[in-house]
Amino acid sequence: MDTILVRGNGPLNGEIPIAGAKNACLTLMPATLLTDEPLTLTNAPRLSDIRTMTALLQSLGAEVASLQDGQVLALSSHALTSHRADYDIVRKMRASILVLGPMLARDGHAVVSLPGGCAIGARPVDLHLRALEAMGAELDLRDGYVHAKAPASGLKGAVIDFPLVSVGATENALMAATLARGTTVLNNAAREPEIVDLARCLRRMGAQIEGEGTSTITVQGVDRLGGATHPVVTDRIELGTYMLAPAICGGEVTCLGGKIELVQAFCEKLDEAGISVCESERGLTVSRRNGRVNAVNVVTEPFPGFPTDLQAQMMALLCTAEGVSDLEETIFENRFMHAPELARMGARIEVHGGHARVTGVDKLRGAPVMATDLRASVSLILAGLAAEGETVVSRVYHLDRGYEKVVSKLRGVGADIERIKEQPIHD
């Protein structure tokens, strides 16, 4: 497997272009299953997860063409050949469950593997299934697959009260509701920018949707949806990640395409830590004020709160802050697996369940470390940028799922970073 070598070499300066949002694009792509007309997505990110969703859609008979070096995706589902999403593809990515609602709404039946081969439990899909059942779907779970069937007259509108805020369940229900008979109301709906982006795309396709971005979304079902061209929203997690690079290393970096509204809670914590963020038409310019950053306390929350997907990267910043920081993870369990790796670099971190206490040190030291997940991998790179000596990050295949061209983007602002390809073994 490839590794990434990072050498700490001082402040970073320049510009970093921010790609389209991975999580938005993975939701928009299944929307093609709602129509027999073409759907074109611009500003698409070039990531392995996008290739996985492409393979899944193609296995169903959808046509997916990657244009303009992968930044434009042309999709068409005019002639589906299958309604079965197989485990071999679905296991690679949880977002695969998002084909269930669209296929069920348009064609009345679908068979979809439980994502990741997991039982309903941690990061459950039961909220997805409960929403579809409320709309009249008959569901049967057997042999690791969801066998779903709509009534002969199609799905019907319903009032759906989510007991927990779930981005994926909101997305699945929202897509299904666009073709359901009557009105569907989603209460306690997720408010993330990716939800807003999906609603805007569906509206371009002819859906009648109100309230996206609030906790109540109302959908009036229509008979059919048409084609559309839609730009994928800026990736707020990639944006926040690269904003932390000059915060950790010093210097001044402009993240092109960034908007404060995408990362408001995150920017408030940066300000508290002593990081300046200035918004312009071109994006967000980030610089560190004099001296070490201040310790801050962070609690992850659903949008518009502090994103769980920026917790690991924020921890990397706080490792060298002045004072003690407390981080509380309320979204996902077991999401401090990067802490022991940061400790190998000299960080002082105590983890107790969903809480982590970080006592700032003067300097981190380079070390061999291992990525445990997507966001953890980039947090180790950020830490390595400011550490003394060399940091070697292994298992970087996680990184390819969510960050395109990370090495060249960081090199472009002066980082000393390279990707080392695995050498083939010869007998």
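The two residues F306 and F266 come nearest to each other via the heavy atoms CE1-CD1, 3.6 Å. Nearest heavy atom pair, residue C319 against residue A347, reads SG-CB, 3.5 Å. Across all non-hydrogen atoms, the minimal contact from T214 to T216 is OG1-O, 2.9 Å. For A376 against D373, the heavy-atom pair with the smallest separation is N-OD1, 2.8 Å. Closest non-hydrogen pair, A105 versus L34, comes out as CB-CD2, 4.3 Å. Nearest heavy atoms, I349 versus A356: CG2-CB, 4.4 Å.
With sequence neighbours left out, the salt bridge (Lys or Arg N to Asp or Glu O under 4.0 Å) criterion links E301 to no other residue. For D140, the salt bridge (Lys or Arg N to Asp or Glu O under 4.0 Å) test picks out R142, with sequence neighbours left out.
Side-chain atoms of L174 and L186, non-hydrogen and from C-beta on, do get closer than 4.5 Å to each other. For the pair P302/I331, a side-chain contact is recorded, criterion being any heavy-atom separation below 4.5 Å from C-beta on. When side chains are defined from C-beta on, P102 counts as touching N172, because their heavy atoms get closer than 4.5 Å. Residues V396 and T3 are not in side-chain contact: their nearest non-hydrogen atoms beyond the backbone lie 4.5 Å or more apart. Taking the side chain as every heavy atom from C-beta outward, D362 and R292 approach each other to under 4.5 Å. Using a 4.5 Å heavy-atom threshold, the side chains of E63 and H78 count as touching. Contact of the M135 side chain with the I160 side chain is registered, since non-hydrogen atoms from C-beta on lie closer than 4.5 Å. With a 4.5 Å cut-off on side-chain heavy atoms, L270 and L317 count as touching.
At a threshold of 4.0 Å, the pair E133-R130 does not count as salt-bridged, since none of the basic side-chain nitrogens sits closer than that to a carboxylate oxygen. Of the charged side-chain nitrogens involved, none lies within less than 4.0 Å of a carboxylate oxygen, so that E388 and R365 do not count as a salt-bridged pair. A salt bridge between E238 and K409 is present, with a side-chain N of the basic residue lying under 4.0 Å from a carboxylate O of the acidic one.
Heavy atoms of other residues, nucleotides or ligands lying less than 6.0 angstrom from CZ of R357 number 12 at most.
For the residue pair S276 / R289, a side-chain donor-acceptor distance below 3.5 Å is found, with atom types taken as modelled. For the 3.5 Å distance criterion, the side chains of E194 and T27 fail to qualify, holding no donor opposite an acceptor. Side-chain contact, T218 with E210: no donor N or O sits under 3.5 Å from an acceptor N or O.
The CE atom of M29 sits 10.0 Å away from the OG atom of S77 when rounded to the nearest 0.5 Å. Taken to the nearest 0.5 Å, the SG atom of C201 stands 11.0 Å off from the CZ atom of R203. Within the model, atoms CG of L399 and CG of L380 stand 10.0 Å from one another, a figure rounded to the nearest 0.5 Å. Rounding to the nearest 0.5 Å gives a distance of 11.0 Å between OG1 of T359 and CG of L318.
A side-chain donor-acceptor contact under 3.5 Å links R344 to the backbone of P368. Side-chain N or O atoms of N297 include one that pairs as donor or acceptor with a backbone N or O of D326 at under 3.5 Å. Without hydrogens or angle criteria, D197 side chain to V233 main chain gives a donor-acceptor distance under 3.5 Å. The backbone N or O of L225 lies less than 3.5 Å from a partner atom in the side chain of T35, making a donor-acceptor pair. Side-chain atoms of E37 never come within 3.5 Å of backbone atoms of G226 as a donor-acceptor pair (strictly under, hydrogens ignored). Judged by distance alone, the side chain of T178 and the main-chain N or O of M175 form a donor-acceptor pair under 3.5 Å. Checking side-chain atoms of N23 against main-chain N and O of A95 turns up no donor-acceptor pair under 3.5 Å. Remark: side-chain polar atoms of T40 are not paired, donor with acceptor, to backbone N or O of A74 under 3.5 angstrom.
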N/O donor to acceptor pairs below 3.5 angstrom from side-chain atoms of residues 51-62, sequence neighbours left out:
from, atom 1, to, atom 2, distance (Å)
T52, OG1, S48, O, 3.1
T54, OG1, I50, O, 2.9
Q58, NE2, V64, O, 3.4
S59, OG, L56, O, 2.6

Show every donor-acceptor pair shorter than 3.5 Å between a side-chain atom in residues 246-261 and any protein atom, with sequence neighbours excluded, or say none if there are none.
from, atom 1, to, atom 2, distance (Å)
T254, OG1, T285, OG1, 2.8

Let me check something: any side-chain donor-acceptor pairs from residues 400-407 under 3.5 Å, sequence neighbours excluded? List them with distances.
from, atom 1, to, atom 2, distance (Å)
D400, OD1, R419, NH1, 2.9
D400, OD2, R419, NH2, 2.9
R401, NE, D49, OD1, 3.0
R401, NE, D49, OD2, 3.4
R401, NH2, D49, OD2, 3.2
Y403, OH, T241, OG1, 2.7
Y403, OH, Q313, NE2, 3.3
Y403, OH, R375, NH1, 3.0
E404, OE1, R46, N, 2.7
E404, OE1, R46, NE, 3.3
E404, OE2, R46, NH2, 3.0

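Test D309, T330, T300 against R335 for side-chain hydrogen bond (donor to acceptor under 3.5 Å, both in side chains) and you get one pass: D309. The residue from L374, I237, V232 that alone fulfils the side chain to side chain contact (heavy atoms under 4.5 Å, CB included) condition with K22 is L374.
Listed by first then second residue, pairs satisfying salt bridge (charged side-chain N to carboxylate O under 4.0 Å, His left out) with a partner in residues 241-250 number zero, not counting sequence neighbours.
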